[in-house]
Amino acid sequence: MSEGSKPAKRQPLKAIKGTHDILPAETGAWQRVEGVAREHFARYGYREMRTPVFEETELFARGIGEDTDVVSKEMYSFGDRDGGSLTLRPEATAGIVRAVIEHNLANVDPLLRVYALGPMFRRERPQKGRQRQFHQVDVEAFGVTAPGIDAEIVEMGFTFLERCGLTGLELILNSVGDAEDRQRYAGVLREALRAQAAALCADCQRRTETNPLRVLDCKVPTCQPVIEALPRIADHLGADAKDHFAEVCRQLALLGIPYRTSHRLVRGLDYYTRTTFEIVATEGLGSQSTVLGGGRYDGLVRDLGGPDLCGIGFALGVERLLLLAPPAADEPRCDVFLMPLAAAAGDHALSAQKALRAAGVRTVLDHEGRSFKSRMKLADKLGARFVAILGDDELAQGAWMLRDMKTSSQQPVPLPALVDHLKGRL
RNA sequence: GUGGGUGUAGCUCAGCUGGUUAGAGCGCCAGGUUGUGGCCCUGGAGGCCGCGGGUUCGAAUCCCGUCACUCACCCCA
């Protein structure tokens with residue numbers, strides 16, 4: 001652009017890489033999912049909470065962990081005019097925890113359970129089931145230490161996905177223990193890994209020092225034998241954490257939720273303690289198979305400067321959910337299509353349209369004065385249940401000719417009776 | 001950030017080893033009756049063949065570059 005070369009052809013304006021438009025034909029499916037979410041979570045006593053899409057960068061750095069991939073290389077951060085650093089939220093929990101602390105909600109709400117819906121931002125390379133702006137449904141419950149809440153929230157997520165029509169789901173559980181367990185285990189693991197360093201991939205050699213738990217997540221084939229032989233966290237849990245996890249599993253079995261445990265399930269955010277879980281799709285998502293993931297975070301609120309308040313939650317990716325959901329049938333957009341033919345019919349149509357809409361009837365009136373046939377085709381495409389025709393003959397009778405598009409039958413309806421008549425039939 | 005694949009109409013794609021007006025299906029618009037949709041038939045609109053350069057008498061087609069999209073790695077929802 002700076003050189004005096006060819007006049008650069010103006011590129012058409014387009015959405016930023018990794019973002020996408022949700023077009024009118026798609027919003028129905030989104031609204032359905034959101035509606036199910038609201039209704040479902042309400043059954044468990046959850047209410048919606050909305051926090052800003054951007055926060056101070058420090059919140060995420062401290063909350064999620066400086067060494068995580070999300071913080072170290074995926075955040076959309078930018079300088080504010082006053083010199084501060086702001087970041088588009090890469091996940092929801094940190095902002096919600098900040099708000100809980102800021103408004104002292106733990107002392108305000110005796111049942112602190114919230115959900116949130118909205119966009120998250122991570123600067124990753126897009127691929128199937130992964131965007132730079134994507135949407136999550138997020139759920140958090142605070143203040144309950146008992147394992148019952150773990151089982152309840154996992155059950156809630158699982159049944160939510162089922163209610164959205166998903167099948168072929170697999171629930172995976174693990175416990176990463178309390179902070180001390182985790183720390184101690186990380187040390188044990190690091191020792192074991194150092195001894196095997198030669199057999200590990202370069203990433204794992206690096207992770208051995210930075211975050212040994214994440215070695216367990218490695219998918220490089222040559223690392224697998226080493227990983228399988230590593231000491232397992234289950235053998236390094238404190239008695240409390242061990243009992244806690246056993247009770248979570250017991251209750252889930254009681255609730256009839258199928259699951260398997262995996263000692264290798266280590267989630268990428270640093271704040272998790274004790275229970276971690278993930279729901280994956282066995283097919284349909286390519287390599288991004290996780291639909292829902294979450295866990296307990298008993299130290300997070302305190303670490304962010306709040307009270308010693310435990311918490312547990314999960315996030316699920318709406319785009320991924322939609323990829324797996326059965327396709328939605330397109331809904332009719334119109335109940336009644338008005339078709340004034342005679343010149344004198346136009347005013348009748350206008351007032352009928354207003355009255356119908358006031359009565360809650362979805363009404364469309366073609367303003368272009370197109371041919372009869374064109375308008376019939378349009379009515380059909382809109383899925384109109386009825387077409388109301390008003391031509392010279394009908395005017396003379398003082399009645400609409402009301403056509404039922406399903407049965408192809410039609411009957412006269414007196415002009416003033418149209419609204420009541422239709423309300424009775426829709 | 002690193003690899004692979006693909007860029008032709010609104011969508012899905014054809015276009016053989018370079019050859020003259022670039023095609024199909026679907027969708028869209030309009031007609032096939034004077035006031036009746038779906039099915040069928042006919043017609044029409046709509047393409048700098050991603051962009052730039054090169055080879056050639058001639059490039060959608062071959063070569064180079066570039067950009068975009070996509071899948072995968074990494075990591076995550």
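Below, read A as the first sequence line, B as the second, and so on, with proteins coming before strands; counting in each chain starts at 1. The shown structure was predicted, so the numbers you read here are calculated from the model rather than taken from an experiment.
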Original post:
Rounded to the nearest 0.5 Å, what separation is found between the CG atom of A:L237 and the CD atom of A:E180?
Top reply: 11.5 Å
**OP:** Using a 4.0 Å heavy-atom cut-off across all strands, classify A:Q133 as base, sugar-phosphate, or nothing.
**Re:** nothing
**OP:** Classify the side-chain pair A:H20/A:Q131 by whether it contains a donor and acceptor separated by less than 3.5 Å.
**Re:** no
**OP:** Using atom CG of A:L395 as one end and atom P of B:G35 as the other, report the distance to the nearest whole Å.
**Re:** 15 Å
Original post:
Touch check for A:D393, heavy atoms < 4.0 angstrom, all strands: base, sugar-phosphate only, or nothing?
Top reply: base
**OP:** Sequence neighbours left out, what passes salt bridge (Lys or Arg N to Asp or Glu O under 4.0 Å) with A:R163? Give chain and number order.
**Re:** A:E39
Subject >> Sugar-phosphate, base or nothing in reach of A:E91, heavy atoms under 4.0 Å >> reply: nothing
Acceptor/donor pairs from residues 375-382 of chain A side chains to any protein atom, 3.5 angstrom cut, sequence neighbours excluded:
residue	atom	partner	partner atom	Å
A:R375	NE	A:R370	O	3.0
A:R375	NH1	A:P340	O	3.1
A:R375	NH2	A:R370	O	3.2

Original post:
Below 4.0 angstrom from OP1 or OP2 of B:C67, is there any side-chain N or O of A:K17?
Top reply: no
Original post:
Stem ranges for RNA chain B, with three or more consecutive Watson-Crick or G-U pairs under 3.5 Å?
Top reply: B:1-7 with B:67-73, B:10-13 with B:23-26, B:28-32 with B:40-44, B:50-54 with B:62-66
Can you name the atoms? Protein N/O to nucleotides 38-40 of chain B N/O, anything below 3.5 Å, with the distance.
residue	atom	partner	partner atom	Å
B:G38	O4'	A:D380	OD2	3.3
B:G38	O6	A:S408	OG	2.8

Atom pairs and distances, donor-acceptor, side-chain atoms in residues 344-351 of chain A, under 3.5 Å, two or more places apart:
residue	atom	partner	partner atom	Å
A:S351	OG	A:D347	O	3.3
A:S351	OG	A:H348	O	3.2

**OP:** Could you check which residues of residues 51-61 of chain A get a heavy atom under 4.0 Å from RNA chain B? Sort them by number, please.
**Re:** none
Original post:
Applying salt bridge (Lys or Arg N to Asp or Glu O under 4.0 Å), which residue pairs with at least one partner in residues 328-337 of chain A are found, sequence neighbours left out?
Top reply: A:D335-A:R362
Original post:
Excluding sequence neighbours, so at least two apart, what forms salt bridge (Lys or Arg N to Asp or Glu O under 4.0 Å) with A:R47?
Top reply: A:D109
Subject >> Results of salt bridge (Lys or Arg N to Asp or Glu O under 4.0 Å) for A:E58 - residues two or more places apart only >> reply: A:R62
Original post:
Looking for any heavy atom pair under 4.0 Å, which part of the strands does A:A315 touch: base, sugar-phosphate only, or nothing?
Top reply: sugar-phosphate
Original post:
Distance check: side-chain N/O of A:Q127 vs OP1/OP2 of B:A72, anything under 4.0 Å?
Top reply: yes
Original post:
Between A:R32 and A:E34, does at least one N-O distance fall below 4.0 Å, as a salt bridge requires?
Top reply: no
In a table with atom names and distances, give each donor-acceptor pair under 3.5 Å that connects a side chain of residues 409-419 of chain A to protein atoms at least two apart or in another chain.
residue	atom	partner	partner atom	Å
A:S409	OG	A:T407	OG1	2.7
A:Q410	OE1	A:R403	NH1	2.9

**OP:** For A:L292, report the nucleic acid contact type (base, sugar-phosphate, nothing); a contact means any heavy atom under 4.0 Å.
**Re:** sugar-phosphate
Report, one pair per line, the protein and nucleotides 1-8 of chain B atoms (nitrogen or oxygen only) whose separation is under 3.5 Å.
residue	atom	partner	partner atom	Å
B:U2	O4	A:R125	NH1	2.3

Original post:
Who passes ring-ring contact (aromatic ring centres under 6.0 Å, His included) against A:F314, sequence neighbours left out?
Top reply: none
Original post:
Salt-bridged, A:D181 to A:R274, with N to O below 4.0 Å?
Top reply: no
